[in-house]
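Throughout, numbering of the chain's residues begins at 1 and tracks the sequence. All values below come from the heavy atoms of this structure, side chains included, with hydrogens, waters and symmetry mates left out.
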Amino acid sequence: MNRVNRYSLSVMAGCLILALPLVAQSQAPVQRPPTLPDLEVVADHGGESARPYYVAIKGAGVDEQEGYSPQMGPQSRPTGRYSEQDMLPVESEQLTPGQVVARDLELPGGFTPIFVIGDDALSRQWLDQRGDILRDMNAVGLVVQVQDEQAMQELRQAARGLELRPVSGDGLAERVGLQHYPAMISQHGIEQ
């Protein structure tokens, strides 16, 4: 039995983490031990934990109380440094309002549906038309183009109870091949 141990490394929020050993096998199956070894931090270069953002990912093991909340001001955040106001304006260079061609995706089970909008007439019209569907799905909105807090609040009023978060959409655009918004991304695909 030929076994080779490999270690996978992850960098998240400025932390380098050594993950569980991966076992490669050449012929005979290897029985896994009943318990897995603990993770070991190899280096920590500071940064802010991404843990509050994992609440939206069902099954990530993060309680609602630990999650990101746009209503939290600088005094209530654990680090005491940032508020939603500090994230504005948001401009996504790779996304513009326009027509989205529907296509299939295969995302992991338990994926929370998201929708991508901006502070523009097309997004507001789409939000008005699709709002009930988005609320039924418990979708979370990513606002990828918005200038200031007033515009963000106006979008929240138009969303009538939907959760909206200002974020740059460039990373998402690259990962799923998205060029335009408004769009909805669910476990099974992208659509407008």
Side-chain angles (χ1 to χ4, degrees), residues 10-17 45-58 60 62 64 66-74 76-103 105 107-108 110-127 130-131 134 137-159 161-187 189-192:
S10 298
V11 176
M12 179 166 289
C15 296
L16 180 64
I17 300 170
H45 299 284
E48 189 173 332
S49 173
R51 187 170 173 79
Y53 298 94
Y54 294 159
V55 168
I57 304 171
K58 300 209 182 333
V62 180
E64 283 288 328
E66 296 180 63
Y68 165 79
S69 171
Q71 288 76 31
M72 294 173 73
S76 62
R77 288 191 49 104
T79 61
R81 293 191 292 182
Y82 304 105
S83 70
E84 183 176 87
Q85 205 172 26
D86 296 318
M87 296 182 222
L88 301 171
V90 172
E91 296 180 11
S92 300
E93 295 176 7
Q94 297 182 28
L95 290 169
T96 58
Q99 188 69 34
V100 175
V101 177
R103 62 186 156 83
L105 287 177
L107 297 174
F111 177 80
T112 299
I114 60 175
F115 59 96
V116 181
I117 61 170
D119 182 24
D120 58 86
L122 180 60
S123 292
R124 288 174 190 271
Q125 179 185 16
W126 183 84
L127 197 55
R130 304 276 297 198
L134 297 169
M137 297 174 70
N138 293 317
V140 174
L142 307 180
V143 182
V144 297
Q145 299 282 358
V146 63
Q147 288 302 309
D148 54 35
E149 192 172 4
Q150 180 180 346
M152 192 67 202
Q153 291 308 321
E154 290 171 4
L155 279 172
R156 283 198 171 103
Q157 288 174 352
L162 287 166
E163 183 176 351
L164 299 181
R165 298 179 182 177
V167 297
S168 172
D170 291 334
L172 176 67
E174 287 178 15
R175 285 181 179 87
V176 298
L178 191 62
Q179 296 174 341
H180 301 295
Y181 62 85
M184 182 181 66
I185 303 172
S186 69
Q187 181 180 353
I190 299 174
E191 61 184 271
Q192 194 168 48

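A 4.5 Å side-chain heavy-atom check between V167 and L172 finds every atom pair outside the cut-off.
The shortest non-hydrogen separation linking S92 to G169 is OG-N, 2.7 Å. For the residue pair V146 and A151, the shortest heavy atom distance occurs at CG2-CB, 3.7 Å. Between I117 and P182, the shortest heavy-atom distance links the atoms CG2-CB, 4.1 Å. In terms of heavy atoms, I185 sits closest to V176 at CD1-CG2, 4.3 Å. Residues S186 and L107 approach most closely at O-CD1, 3.3 Å, considering heavy atoms. The two residues A158 and L127 have their closest heavy-atom pair at C-CD2, 4.2 Å.
Q94 contributes atom CD, which lies 8.0 Å from atom OG of S168 (distance to the nearest 0.5 angstrom). For the atom pair E149 CD and D86 CG, the distance stands at 10.0 Å (nearest 0.5 Å). We find the CG-CG distance between D170 and L178 to be 10.5 Å, quoted to the nearest 0.5 Å. Atom CG of residue L155 and atom CG of residue L162 lie 11.5 Å apart, to the nearest 0.5 angstrom. Atom-to-atom distance recorded for Q85:CD and M152:CE is 12.5 Å, nearest 0.5 angstrom. The CZ atom of R156 sits 9.5 Å away from atom CZ of R165, with the distance rounded to the nearest 0.5 Å.
The side-chain contact (heavy atoms from CB on, under 4.5 Å) test with R103 singles out one residue from V100, L105, V101, and that residue is L105.
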Quick one: do Q145 and Y181 satisfy side chain to side chain contact (heavy atoms under 4.5 Å, CB included)? Show the steps, please. CA-CA 10 Å; Q145 299 282 358; Y181 62 85; 2.9 Å; yes

Please step through side chain to side chain contact (heavy atoms under 4.5 Å, CB included) for the pair D119 and V143, ending with a clear verdict. CA-CA 8 Å; D119 182 24; V143 182; 5.6 Å; no

Given side chain to side chain contact (heavy atoms under 4.5 Å, CB included), test N138 with T112 step by step and report yes or no. CA-CA 8 Å; N138 293 317; T112 299; 5.9 Å; no

Verdict with reasoning, H180 to Q192, per side chain to side chain contact (heavy atoms under 4.5 Å, CB included): CA-CA 10 Å; H180 301 295; Q192 194 168 48; 5.8 Å; no

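In this structure Q179 satisfies the side-chain contact (heavy atoms from CB on, under 4.5 Å) test with no other residue, sequence neighbours excluded. Take E191 and apply the salt bridge (charged side-chain N to carboxylate O under 4.0 Å, His left out) test, not counting sequence neighbours, and it matches R130. For E154, the side chain to side chain donor-acceptor pair (under 3.5 Å) partners at least two apart in sequence or on another chain are Q150.
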